[in-house]
Amino acid sequence: MTPLVRLEAVAMRFATESNPEYAVFGDINLSISAGERVAVIGRNGSGKSTLLRVMARIFAPSAGVVHWAPGVSVSMLSLGLGFRPDLTGRDNAMLSCLLLGLSRKEAKASVEQIAAFCEIGAFFDEPVRTYSSGMRARLGFGSALMNRSQVILIDETLSVGDMFFRDKAREALEKELTEERAVVLVTHGEQQVRRLCGRAVLLEEGTVMADGNPADVLAQYAALPASQG
């Protein structure tokens, strides 16, 4: 099966006050194929969110190559990313659809589906800066799921909001994932990994420590020694 996205020897470095070449991770080799639901787990600071941003083409890697299959569209869900706070939820949803290549007619139809899924009522026509974190999660999840992007990258947003919406989002994700789509989920929720994902990747000390069956990878994660600070 041809991967939708493939990372070859990808590394990411940032300049910090104490280190001009701080290494977040290095030599990451990873491929995601259509139909996969992949969890990315690891301790805080292991580079999980940064890895998603590299896959989303938000960050260019410091080294290595990210290969995308021709014509593949990608959406990323992250509470601090992607929305213009001065625009309404409706306008942000419309912009998201248009940026993914939908026609204006298709985008308008998708926006109505997004509004129905989000269930935020009149707030859909209010500026996003007035939203709670849970409302932003609803809008982000609905926008990514309903606009038919082939790869959905999720950074912890399934852990935000009330239990009703979390259950609804999980059920929608299970329903909407087809053989043509893939999901990469960054989470600290063990139950989310076990229930939603068929594969897990463990990041530790800047590299992929484990990649495979979620139960096995979670066991390796649980066996890691306590962090020294």
Side-chain angles (χ1 to χ4, degrees), residues 1-83 96 99-101 140 144 149-158 180-188 193 197-214 216-218 220-229:
M1 183 180 296
T2 302
L4 296 178
V5 58
R6 179 164 48 88
L7 283 65
E8 290 186 356
V10 165
M12 196 70 199
R13 295 184 293 272
F14 290 124
T16 67
E17 291 185 4
S18 59
N19 187 348
E21 289 269 317
Y22 172 74
V24 182
F25 50 72
D27 199 29
I28 298 292
N29 295 286
L30 187 66
S31 66
I32 308 295
S33 297
E36 284 197 293
R37 284 181 284 188
V38 182
V40 178
I41 63 175
R43 294 190 258 210
N44 290 334
S46 61
K48 302 183 298 296
S49 295
T50 301
L51 180 62
L52 248 60
R53 283 160 172 74
V54 170
M55 295 174 67
R57 306 186 182 103
I58 296 168
F59 293 160
S62 304
V65 182
V66 180
H67 299 280
W68 281 93
V72 170
S73 56
V74 58
S75 292
M76 181 167 175
L77 286 71
S78 177
L79 292 180
L81 183 72
F83 292 134
S96 174
L99 288 174
L100 282 169
S149 52
Q150 289 171 276
V151 179
I152 303 176
L153 309 173
I154 304 175
D155 191 1
E156 289 286 358
T157 56
L158 289 184
E180 294 78 33
R181 306 181 85 181
V183 172
V184 182
L185 170 66
V186 164
T187 181
H188 286 96
V193 176
C197 301
R199 176 183 168 199
V201 173
L202 172 60
L203 292 187
E204 172 70 7
E205 296 185 349
T207 190
V208 174
M209 170 177 273
D211 181 351
N213 179 275
D216 295 337
V217 176
L218 284 167
Q220 292 186 61
Y221 184 29
L224 290 176
S227 174
Q228 299 299 312

Please report the interatomic distance OG(Ser46) to CG(Leu202), rounded to the nearest 0.5 Å.
8.0 Å
Side chain to side chain contact (heavy atoms under 4.5 Å, CB included) assessment of Val5 paired with Val72:
CA-CA 9 Å; Val5 58; Val72 170; over 6 Å; no
One pair to check against side chain to side chain contact (heavy atoms under 4.5 Å, CB included): Leu7 and Met55. What are the steps and the verdict?
CA-CA 8 Å; Leu7 283 65; Met55 295 174 67; 4.1 Å; yes
So does Leu185 get a backbone contact from the side chain of Lys48, meaning a donor-acceptor N/O pair under 3.5 Å?
no
Looking at every non-hydrogen atom in both residues, tell me the closest pair between Gly42 and His188 and how far apart they are.
O-NE2, 3.6 Å
Can you check whether Ile152's main-chain N or O pairs, donor with acceptor, with Ser75's side chain at less than 3.5 Å?
no
Mind running side chain to side chain contact (heavy atoms under 4.5 Å, CB included) on Leu224 and Met209 for me, showing each step along the way?
CA-CA 11 Å; Leu224 290 176; Met209 170 177 273; 3.6 Å; yes
Which atom names give the shortest non-hydrogen contact between Val193 and Pro214, and what distance separates them?
CG1-CB, 3.9 Å
Shortest non-hydrogen contact from Ser33 toward Ala182
O-CB, 3.5 Å
Intermediate values then yes/no, side chain to side chain contact (heavy atoms under 4.5 Å, CB included), Val208 and Ile28
CA-CA 7 Å; Val208 174; Ile28 298 292; 3.8 Å; yes
Rounded to the nearest 0.5 Å, what separates atom CD1 in Ile41 from atom OH in Tyr221?
6.5 Å
If you look only at pairs with a residue in residues 24-61, which of them pass as a ring pair (Phe, Tyr, Trp, His ring centres under 6.0 Å), with sequence neighbours excluded?
Phe14-Phe59
Contacts satisfying salt bridge (Lys or Arg N to Asp or Glu O under 4.0 Å) that involve residues 14-27 (not counting sequence neighbours) are Arg13-Glu21
Separation of Arg6 CZ from Asn29 CG (nearest 0.5 Å)
9.5 Å
Of all the heavy-atom pairs spanning Leu4 and Glu180, show the shortest one and how long it is.
CD1-O, 4.0 Å
Could you tell me which non-hydrogen atom of Gly212 sits nearest to which non-hydrogen atom of Val217, and how far apart they are?
N-CG2, 3.6 Å
So how far is it from Asp216 CG to Asp211 CG, rounded to the nearest 0.5 Å?
11.5 Å
Considering non-hydrogen atoms only, spot the tightest contact between Ser49 and Asp155 and give its length.
OG-OD2, 2.8 Å
Nearest 0.5 angstrom please: Arg199 CZ to Ile32 CD1, how far?
4.5 Å
